[in-house]
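Numbers restart at 1 for each chain; the letters A, B, ... are given by sequence-line order, proteins then strands. None of these values were measured; they are calculated from a predicted model.
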Amino acid sequence: MRRQGTACVESNKAETQQVEKPCTEETCEAADEEDEFPHPIPWQKIEAQELDCDYGLLFSKEEASRLFMQLEEEVEYFTGEEAKLQVYGKTYSVPRKQATYGDEGLVYSFSGVHLAARVWTPTLEYIRDATTNATGHTFNFVLINRYKDGEDHIGEHRDDERELDPSCPIALVSLGAVRDFVFRHKDARKEPKKCHIEPVKLELAHGSLLLMNSPTNTYWYHSLPVRKKVKTPRISLTFRRIIKGRQKRKKE
DNA sequence: GCTCTCCCAGTGAA
DNA sequence: ATTCACTGGGAGAG
């Protein structure tokens with residue numbers, strides 16, 4: 001049995017447990033407007049020093065599987081130069097596939113790549129709206145990462161791009177294989193001997209939604225580590241709100 | 001005692 | 001110092 005941290009979320013438990021805690025004001029507000037996603041999510045709060053997340057199941061297993069298959073048909077991932085990133089003069093091919101969708105004209109930049117958002121597909125709009133109804137937040141952009149198996153991964157990073165609206169949490173929807181997800185506090189990475197802030201480890205279930213609230217992304221790095229046992233793909237969708245005008249201009 | 005996996009610390013490069 | 005991915009070594013499982 002693998003060791004796990006104290007804040008670990010057991011996905012199978014989350015699926016069956018009945019939490020009657022009411023949703024937040026924001027959640028109810030959004031749910032009232034439309035009937036499409038009428039059921040409030042039972043949220044689990046995940047907290048640590050300067051870390052504030054909400055975790056819940058957004059989709060049933062059946063619906064999540066349907067959405068996963070649709071995305072496998074619809075989503076076009078970047079290839080070639082756009083699938084590489086550049087950090088301090090070194091070029092890497094990312095160990096996963098990436099795609100960006102969003103409102104017209106949005107460009108998302110990180111680590112030396114500038115990715116123009118493609119137009120929303122019907123499935124992505126559906127997932128986006130379900131996320132909005134569950135959270136009360138609206139999103140104009142989504143970064144999609146596809147991890148073909150347990151070898152694909154992403155290293156520790158923060159989503160602290162300047163163009164992100166700091167008042168809007170980042171919403172991470174997971175479909176497909178269950179993967180571990182690890183938060184580490186920035187002080188714990190720098191001075192692990194002096195600083196005793198433990199990493200926070202989660203399992204992200206098929207159909208789950210993880211909300212990363214402010215100021216989580218200022219202080220905590222997160223990663224999706226290699227897991228050799230995982231043989232099937234996972235698609236993650238991170239919905240964000242980009243502030244127009246803060247983006248880097250391509251030219252001009 | 002092996003092998004595999006995970007985790008941590010260290011490295012590169014402008 | 002910073003970024004991201006990679007590498008090597010040690011620990012733990014079986």
Side-chain angles (χ1 to χ4, degrees), chain A residues 1-11 46 48-51 77-100 107-116 141-164 166 170 172 174 176-205 210 212 215-238 240 242 246-248 250:
Chain A
M1 185 62 174
R2 187 165 36 81
R3 284 186 296 123
Q4 288 183 331
T6 48
C8 173
V9 172
E10 288 287 333
S11 53
I46 299 164
Q49 178 185 325
E50 292 148 342
L51 182 142
Y77 294 94
F78 291 111
T79 57
E81 288 309 300
E82 288 180 312
K84 294 186 173 133
L85 54 80
Q86 211 164 353
V87 333
Y88 289 81
K90 216 168 184 174
T91 304
Y92 299 94
S93 295
V94 293
R96 61 190 170 275
K97 279 182 173 176
Q98 297 187 311
T100 52
V107 176
Y108 187 56
S109 303
F110 61 94
S111 307
V113 274
H114 309 282
L115 302 177
F141 181 87
V142 64
L143 171 68
I144 305 176
N145 281 290
R146 184 182 187 276
Y147 304 89
K148 69 175 189 307
D149 57 28
E151 303 276 1
D152 275 2
H153 62 279
I154 190 165
E156 285 190 334
H157 67 286
R158 295 178 291 176
D159 292 317
D160 60 347
E161 283 76 22
R162 223 180 66 85
E163 64 226 74
L164 292 179
I170 292 175
L172 167 57
S174 298
V178 176
R179 289 290 293 264
D180 290 342
F181 187 82
V182 182
F183 284 103
R184 257 172 90 203
H185 195 280
K186 64 179 176 67
D187 296 339
R189 316 168 74 225
K190 231 186 197 168
E191 305 186 282
K193 283 163 196 160
K194 280 169 70 177
C195 172
H196 298 111
I197 306 175
E198 290 300 309
V200 173
K201 303 178 185 188
L202 314 176
E203 271 186 355
L204 299 178
L210 179 70
M212 294 185 264
T216 306
N217 254 310
T218 310
Y219 296 98
W220 291 77
Y221 287 70
H222 57 268
S223 66
L224 193 87
V226 168
R227 287 296 178 261
K228 306 271 188 187
K229 271 172 269 191
V230 176
K231 303 295 182 195
T232 55
R234 166 177 180 268
I235 295 175
S236 87
L237 306 100
T238 49
R240 302 138 191 266
I242 292 182
R246 279 216 198 164
Q247 303 157 64
K248 290 189 181 129
K250 279 216 146 165

Atom pair distance, as rounded to whole Å: [atom1] in [X] and [atom2] in [N]:
X	N	atom1	atom2	result
A:K90	C:dT3	NZ	C1'	11 Å
A:D180	B:dC7	CG	P	7 Å
A:H196	B:dC8	NE2	P	14 Å
A:D152	C:dC4	CG	C1'	15 Å
A:K229	B:dT5	NZ	P	8 Å
A:R189	B:dC8	CZ	C1'	12 Å
A:N217	C:dT3	CG	C1'	16 Å
A:R184	B:dC6	CZ	C1'	13 Å

Interatomic distance, [X] atom [atom1] to [Y] atom [atom2] [nearest 0.5 angstrom]:
X	Y	atom1	atom2	value
A:E151	A:K231	CD	NZ	7.0 Å
A:N145	A:R96	CG	CZ	5.5 Å
A:Y108	A:F141	OH	CZ	6.5 Å

Across the strands shown, which category fits [X] at heavy-atom distances under 4.0 angstrom: base, sugar-phosphate, nothing?
X	result
A:P95	sugar-phosphate
A:R96	sugar-phosphate
A:K190	sugar-phosphate

Legend entry - B:dC7 OP1/OP2 closer than 4.0 Å to side-chain N/O of A:K201: yes
Inset, instruction - Answer yes or no: does a side-chain N or O of A:S111 lie under 4.0 Å from OP1 or OP2 of C:dC4? - result: yes
Inset, instruction - Please lay out, stage by stage, how A:R234 and A:S174 fare under the test side-chain hydrogen bond (donor to acceptor under 3.5 Å, both in side chains). - result: CA-CA 7 Å; A:R234 166 177 180 268; A:S174 298; 2.8 Å; yes
Inset, instruction - Select one nucleotide: of C:dA5, B:dC6, C:dC4, the one nearest the side-chain heavy atoms of A:R227. - result: B:dC6
Inset, instruction - Take A:H222 and A:E156 through the side-chain hydrogen bond (donor to acceptor under 3.5 Å, both in side chains) test and state the conclusion after the steps. - result: CA-CA 5 Å; A:H222 57 268; A:E156 285 190 334; over 6 Å; no
Inset, instruction - Would you mind telling me which residue lines up with the more 5' stretch of DNA chain C, A:H153 or A:Y221, judged by nearest nucleotide? - result: A:Y221
